[in-house]
Every structure is written in structure tokens, then in C-alpha cells.
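Each remark here refers to the structure printed beneath this line.
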Amino acid sequence: MSKVIIYTDGGARGNPGPAGAGAVILDEKGVVVHEVSDYLGTTTNNVAEYEALVRVLTAVREMFGEKISNMAIDIRMDSELIVRQMQGRYKIKSPLLKPRFLQVKKLLAGMPQASFTHVPREENTVADALVNKAIDAALGM
């Protein structure tokens with residue numbers, strides 16, 4: 001596999017509130033190769049967005065190992081804030097987000113072909129559904 005496409009999302013009901021992380025990893029043909037759907041407890045939307053990114057990048061590293069250095073990794077998110085922060089276009093002002101940003105940067109080391117793209121919510125429905133699945137399961141809904 002020479003390319004993966006990642007859709008990732010995080011959300012909190014209330015902000016802060018019950019939160020979840022969701023992500024889907026697709027191969028170059030668009031076939032799902034892995035999903036992430038985790039309950040995060042009580043936190044904010046932006047923390048949940050970063051946690052989703054941390055969890056999916058950890059999964060990518062575990063799945064592909066050293067191969068990731070030669071893979072194109074296209075990360076698509078509906079959080080303009082996180083995408084712009086990862087692109088270096090926005091500063092990270094929140095003390096809650098700075099350590100998560102640094103954790104993502106560390107996970108991206110060795111992934112020279114990783115890129116971030118902001119997508120509309122309508123194009124991120126699978127990751128969003130995984131967020132809601134995690135929250136619903138934790139809340140017994």
C-alpha cells in the first residue's frame with residue numbers, strides 16, 4: 001500500500017461534555033482497513049478532535065511500521081482549527097491543546113508525506129458516526 005486516506009473526527013456533547021473520537025483509515029482504493037471509535041470521558045470538542053488524531057496516527061504506525069516513511073498519508077478533518085494548527089497557519093493558544101499538538105507532531109515524525117485537508121462535515125460522516133457510536137455506547141443509549 002502506497003497511500004492511505006484518513007478521516008478523523010472528535011466531538012463532545014455539551015463542550016465540555018461526554019466525548020468521543022472516531023476515525024477511519026482507507027487504502028488507496030477507498031477500502032476501509034481500520035476504524036477507531038473510542039469514548040473519551042468528559043472533555044471539549046477540540047481536545048476530542050486531537051485525541052482522534054492521536055489515536056488514528058498511533059494505529060497507522062502500528063499497522064504499517066517502517067513502511068509509513070514511504071507512504072502518502074492524507075488526513076482529512078472537518079475541524080478547521082486543528083487542520084490550520086497542524087499546517088502551522090494558526091497558533092496553539094489553549095494549554096489543553098499544546099501537549100496534544102506536540103504528541104501529534106511526534107507521531108508524524110517518520111511520515112514525511114503526511115498532509116492535512118479541511119473537509120466539510122458532509123464529507124466526514126463515517127468518522128462522525130464512529131464518534132457518536134462511542135458516546136452512545138458509553139452512555140447506554
Side-chain angles (χ1 to χ4, degrees), residues 1-139 141:
M1 190 176 320
S2 61
K3 177 180 181 176
V4 293
I5 301 165
I6 298 170
Y7 287 90
T8 180
D9 198 15
R13 295 181 186 163
N15 201 30
V24 61
I25 302 170
L26 310 170
D27 68 13
E28 63 270 4
K29 295 177 185 170
V31 176
V32 175
V33 295
H34 186 73
E35 291 181 342
V36 173
S37 182
D38 293 329
Y39 180 67
L40 304 173
T42 300
T43 194
T44 67
N45 286 328
N46 290 332
V47 168
E49 292 278 4
Y50 265 111
E51 282 298 319
L53 192 51
V54 165
R55 290 165 193 239
V56 75
L57 291 175
T58 299
V60 166
R61 283 181 122 4
E62 290 170 358
M63 291 172 65
F64 301 107
E66 295 297 319
K67 295 177 190 172
I68 60 172
S69 64
N70 295 316
M71 295 173 67
I73 301 170
D74 183 1
I75 303 161
R76 302 174 185 181
M77 305 176 72
D78 61 24
S79 171
E80 181 178 350
L81 175 72
I82 308 304
V83 169
R84 299 293 184 254
Q85 287 177 339
M86 296 311 305
Q87 293 171 334
R89 295 170 63 186
Y90 289 178
K91 292 183 179 183
I92 299 94
K93 297 176 184 175
S94 167
L96 290 174
L97 301 184
K98 282 183 182 181
R100 288 167 176 87
F101 170 83
L102 294 172
Q103 190 175 10
V104 170
K105 283 294 198 182
K106 186 175 180 180
L107 286 165
L108 288 170
M111 298 183 200
Q113 297 179 62
S115 63
F116 286 85
T117 304
H118 176 253
V119 296
R121 289 179 149 244
E122 300 80 37
E123 292 180 26
N124 205 24
T125 56
V126 175
D128 180 67
L130 292 167
V131 168
N132 286 303
K133 176 182 169 185
I135 297 170
D136 289 346
L139 299 179
M141 301 175 89

Begin with the C-alpha distance, continue with both residues' side-chain angles, and end with the deciding distance and a verdict on side chain to side chain contact (heavy atoms under 4.5 Å, CB included) for L57 and M111. CA-CA 10 Å; L57 291 175; M111 298 183 200; 4.2 Å; yes
Can you sort out the partners of [X] under side-chain contact (heavy atoms from CB on, under 4.5 Å), two or more places apart, ordered by chain and number?
{"X": "K93", "value": "none"}
{"X": "L102", "value": "none"}
{"X": "P16", "value": "T42, T44"}
{"X": "A19", "value": "A12, L40, T43, A48"}

Which residues pass the side-chain hydrogen bond (donor to acceptor under 3.5 Å, both in side chains) test with [X], sequence neighbours left out?
{"X": "N46", "result": "none"}
{"X": "N45", "result": "none"}
{"X": "Q87", "result": "R84, R89"}
{"X": "Y90", "result": "E80"}

Smallest separation among heavy atoms of [X] and [Y], with atom names:
{"X": "G20", "Y": "V131", "value": "O-CG1, 3.6 Å"}
{"X": "V32", "Y": "E35", "value": "CG1-CG, 4.0 Å"}
{"X": "Q85", "Y": "F101", "value": "O-CE1, 3.5 Å"}
{"X": "L130", "Y": "G22", "value": "CB-CA, 3.9 Å"}
{"X": "Y39", "Y": "I135", "value": "CD1-CA, 4.0 Å"}
{"X": "I82", "Y": "S79", "value": "CG1-OG, 3.0 Å"}

Any salt bridge (charged side-chain N to carboxylate O under 4.0 Å, His left out) pairs touching residues 112-136, not counting sequence neighbours?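 Of all non-adjacent pairs touching residues 112-136, those that pass salt bridge (charged side-chain N to carboxylate O under 4.0 Å, His left out) are R13-D136.
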Sequence neighbours left out, what pairs pass salt bridge (charged side-chain N to carboxylate O under 4.0 Å, His left out) with at least one residue falling in residues 40-60?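 Sorted result for residues 40-60: D38-R55, E51-R55, E51-R100.
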Just so I know, are the side chains of [X] and [Y] near enough to count as touching, which here means a heavy-atom distance under 4.5 Å?
{"X": "V36", "Y": "V24", "result": "no"}
{"X": "Y7", "Y": "N124", "result": "yes"}
{"X": "M86", "Y": "L108", "result": "yes"}
{"X": "V60", "Y": "H34", "result": "no"}
{"X": "I5", "Y": "R76", "result": "yes"}
{"X": "I6", "Y": "D74", "result": "no"}

Once you round to the nearest 0.5 Å, how far does CD1 of I92 lie from NZ of K98?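 One finds 7.5 Å between CD1 of I92 and NZ of K98.
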Could you tell me the separation between the CZ atom of F64 and the OG atom of S69, rounded to the nearest 0.5 Å?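 OG of S69 is found 12.5 Å from CZ of F64.
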Applying side chain to side chain contact (heavy atoms under 4.5 Å, CB included), run through L53 and F116 and close with a yes or a no. CA-CA 11 Å; L53 192 51; F116 286 85; 3.8 Å; yes
Check the pair L26, V33 against side chain to side chain contact (heavy atoms under 4.5 Å, CB included), reporting the backbone distance first and the verdict last. CA-CA 6 Å; L26 310 170; V33 295; over 6 Å; no
Any side chain to side chain donor-acceptor pair (under 3.5 Å) involving residues 101-118? Give me the pairs, sequence neighbours left out, ordered by first then second residue.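 Sorted result for residues 101-118: empty, none.
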Does the side chain to side chain contact (heavy atoms under 4.5 Å, CB included) test come out yes or no for M71 and V4, once each step is laid out? CA-CA 7 Å; M71 295 173 67; V4 293; 3.6 Å; yes
Under 3.5 Å, side chain of D27 to main-chain N/O of G30, donor-acceptor pair present?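 Yes, the answer is positive, given that a donor and an acceptor are paired below the 3.5 Å cut-off.
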